[in-house]
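Step one of this worksheet: look at the structure below.
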2 protein chains.
Amino acid sequence: MASIKDIAKRAGVSISTVSYALNGNSKVTKETADRILKIAEELQYVPHAAARLLKTKKSYMIGIFLKDFSGSFYGDLLQGVKEYLSLQGYDLLVCSGQRSRRLLPEKMIDGAIVLDESFPTTDVLQYADQGHKIIVLDRELQHPNISQVLLDNQAGAALAIEYLMEQGHQHFYIVTGPKHTYDAEQRLHAARKTLTRNGITDWVELDGDFTKQTGITAAEHIVAHYTKPCAVFCLNDEMAAGVHHYVKHSSPYIIGEQISVIGFDHTELSQFIEPALATIYYSMRKWGTIASQQLLKVIGNETVENERIYVSLVPGSSVANIADHT
Amino acid sequence: MASIKDIAKRAGVSISTVSYALNGNSKVTKETADRILKIAEELQYVPHAAARLLKTKKSYMIGIFLKDFSGSFYGDLLQGVKEYLSLQGYDLLVCSGQRSRRLLPEKMIDGAIVLDESFPTTDVLQYADQGHKIIVLDRELQHPNISQVLLDNQAGAALAIEYLMEQGHQHFYIVTGPKHTYDAEQRLHAARKTLTRNGITDWVELDGDFTKQTGITAAEHIVAHYTKPCAVFCLNDEMAAGVHHYVKHSSPYIIGEQISVIGFDHTELSQFIEPALATIYYSMRKWGTIASQQLLKVIGNETVENERIYVSLVPGSSVANIADHT
DNA sequence: TTGTAAGCGTTATCAC
DNA sequence: GTGATAACGCTTACAA
């Protein structure tokens, strides 16, 4: 494990000269620099990241904190983050779990992107107070060292409900998401508001937690109490897939006829199932790109505005048009 | 940003006493230790990871290197790795891309798990030569610092082909995977061998690269040349989903009747589509767990045997039983 | 039981 | 242009 000291010895120069040469400092003559570089090559020299970091206080690594690694949910988001950071000379570390959160205060990473509701807000704020730069994707926080890049959940939920109404629906179910998570709460809030604003009172809320299983459980209830055509707004696609599956295989009803379903997130799954799931689309990749842009700006001490990721409706035959039937 | 120096000053002791207290060394009296701990708390002291690493040469971080973050493919694998490592006091960093590969030689991580065919074998070997510990999930390598945990692709492919034959099939397609990737090559090799061993010569290989799109392209070919019932072995589920989709929506044929399909990997998708996709199952989570167990053993300088992850057949109605028709 | 001091591998500020 | 040397924050003999 060669260090600059070894190189210095071999080249017959001092370690500072080696350091300069390695970092392309023009102080050192091209000749000695070349000689040093060659020796470094021979010795398979690799700088010791921790030592450099200790001195420079810049790791050029960014951490993104996720609740877990499950599902295909984050693939494109990560891809977006990674590509942008890579372009800017930063590395991405994907982290999950309590322990890894210490990477930020321990200064292993230059900044963090948080999409993990189990990451306590008090900790986020404390780190920010200590001068660490953070982008939050899952909560609203006002702090000079924190910036937000949030989904426009409210618009999405409104779009979903309005679409169902346009198709003639009047009887609704909402399958909710995990408590105390930003996206789920926002979606639920906007769905209620949109229904109410349109004078609709006939809706039932069923508990969900964004898993397929709770979609199935919700569907059991809906099927058991079925009396008339209804529309189900699942606060994410995964639950919508659960509803879809149960209705299709364990009920006499047909998705897109008696029972309509719409989801949220436009996951790959939603486009595979049949009939195709109506859902709310947004670009995961863009979300990631913008979040990382913001983070690097914050790190560079630029002031940034909070950003919002816009969403759009993807119609699907999982929603019946019953406008004529009313 | 408090350091042990600040704590020492405040507590009126030396930095070594602080260090001892912080690390629970019994040398220091409970009283002073408590006092120091309390001050550390007040000052919101967090150790500087790089400084500690520089001295101890142990980061207690493990890196797993993936080709990309796409798809839901790795979720359970990562979960398995993370959980085991966490139990053992290690942190997991999920990495992708060239730059991050330097984490290993730069000693930021104590070991690596590689599942990324674009990670050059020469680099892997070089790092191993330099004393770094590595587990490979995607190639066969003999080196004291490297251990392998490989899927039993050959058994899986044989199971798939045998299943198709049991169901009476005699006319085959194989949709292949990306060139030069271990899993794809192994699967293809075993499929050919199994067919040949059973005296079957009627099969056609169509190029694929594990994406849905190449499944669709393959399906176009199969449909265009359709003359008699046939069975398609896709070397992964994603392509099988592509075949499935195309046949279902853009051909007069029916999956599980004229055209049978079997995949590999037992992805979530495979169980959502209809008719359910026959496929080859293995536990991603177990793969991850075993890989991380092996890695920690290698790091602890234990010698380990290479491991294999076993697979099993998951029948599905995507495969027709045409035994009676022959 | 506590303090002193060396050292981990770099970078960076000075002299020379 | 090059070389000592201090410093980054921590651990750990060794001394007191």
Side-chain angles (χ1 to χ4, degrees), chain A residues 1-37 39-40 43-61 102-110 130-132, chain B residues 1-37 39-40 43-61 102-110 130-132:
Chain A
M1 298 287 77
S3 74
I4 53 171
K5 212 182 276 180
D6 302 307
I7 301 179
K9 208 174 295 173
R10 270 249 241 174
V13 298
S14 75
I15 56 163
S16 41
T17 307
V18 175
S19 178
Y20 287 136
L22 256 21
N23 293 310
N25 190 312
S26 56
K27 283 175 164 181
V28 57
T29 31
K30 190 168 180 321
E31 289 165 14
T32 43
D34 282 349
R35 191 159 48 89
I36 288 170
L37 256 28
I39 294 176
L43 262 38
Q44 298 196 103
Y45 168 76
V46 182
H48 192 300
R52 196 196 316 101
L53 170 56
L54 184 58
K55 189 68 196 176
T56 63
K57 299 172 177 338
K58 280 282 288 179
S59 68
Y60 290 97
M61 300 197 296
R102 308 192 323 146
L103 289 175
L104 189 60
E106 288 188 348
K107 303 201 184 63
M108 281 267 79
I109 53 182
D110 295 345
Q130 293 168 8
H132 297 111
Chain B
M1 298 286 79
S3 75
I4 52 171
K5 211 182 277 180
D6 303 308
I7 302 179
K9 206 173 296 172
R10 272 250 239 173
V13 297
S14 75
I15 59 165
S16 50
T17 307
V18 175
S19 177
Y20 288 136
L22 255 24
N23 292 310
N25 191 313
S26 56
K27 284 173 163 181
V28 56
T29 30
K30 191 167 180 318
E31 288 165 13
T32 44
D34 283 348
R35 192 159 48 89
I36 289 170
L37 257 28
I39 294 176
L43 262 39
Q44 298 196 103
Y45 169 76
V46 182
H48 193 300
R52 194 192 322 101
L53 169 56
L54 185 58
K55 188 71 194 174
T56 63
K57 297 172 179 339
K58 280 283 286 181
S59 69
Y60 291 95
M61 301 196 296
R102 308 191 322 148
L103 290 175
L104 190 60
E106 288 188 348
K107 301 201 184 65
M108 280 268 82
I109 53 181
D110 295 345
Q130 293 168 7
H132 297 112

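Below, read A as the first sequence line, B as the second, and so on, with proteins coming before strands; counting in each chain starts at 1. Computed from a predicted structure; not experimentally measured.
Partner of B:Leu53 under the side-chain contact (heavy atoms from CB on, under 4.5 Å) criterion, out of B:Met108, B:Lys58, B:Lys107: B:Met108 alone.
Within 6.0 Å of atom CZ in A:Arg102, 12 or fewer heavy atoms from other residues, nucleotides or ligands are found, so the atom counts as exposed in its surroundings.
Atom NE2 in B:His48 sits roughly 17 Å away from atom P in C:dG9 (whole-Å rounding). In this structure, A:Tyr60 atom OH and C:dT11 atom C1' are separated by 13 Å, rounded to whole Å. Nucleotide C:dG9 holds its P atom 19 Å from the NZ atom of A:Lys57, rounded to whole Å.
With a heavy-atom cut-off of 4.0 Å to chain B, the contacted part of DNA chain D has its first and last nucleotide at D:dC8 to D:dC14.
Axis deviation across the helix from C:dT1-D:dA16 to C:dC16-D:dG1 amounts to 50°, comparing end segments of five pairs, rounded to 10 degrees.
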Where do A:Asp34 and A:Lys30 land on the salt bridge (charged side-chain N to carboxylate O under 4.0 Å, His left out) test, with the steps shown first? CA-CA 6 Å; A:Asp34 282 349; A:Lys30 190 168 180 321; 2.8 Å; yes
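The shortest side-chain heavy-atom distance between B:Pro47 and A:Glu106 falls under the 4.5 Å cut-off. In this structure, B:Met61 and A:Leu103 have side chains that are in contact, with non-hydrogen atoms separated by less than 4.5 Å. A heavy-atom distance below 4.5 Å is found between the side chains of B:Val13 and B:Arg35. Looking only at side-chain heavy atoms (C-beta outward), A:Gln130 and A:Pro105 come within less than 4.5 Å of each other.
The OG atom of A:Ser59 sits 7.5 Å away from atom CD1 of A:Ile109, with the distance rounded to the nearest 0.5 Å. Taking CZ from B:Arg52 and CG from B:Asn23, the interatomic distance works out to 8.0 Å, rounded to the nearest 0.5 Å.
Residue A:Val18 is classed as having no contact, given no heavy-atom separation below 4.0 Å to the nucleic acid.
The side chain of A:Ser3 places no N or O atom within less than 4.0 Å of a non-bridging phosphate oxygen (OP1 or OP2) of C:dG9.
Side-chain N/O atoms of A:Ser16 and A:Ser19 include no donor and acceptor closer than 3.5 Å.
Counting only distance, with no hydrogens or angles, the side chain of A:Asn25 and the backbone of A:Lys27 share a donor-acceptor pair below 3.5 Å.
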Set out, line by line, the N/O atom pairs under 3.5 Å between protein and nucleotides 12-16 of chain C.
residue : atom : partner : partner atom : Å
C:dT13  : O4   : A:Tyr20 : OH           : 3.1

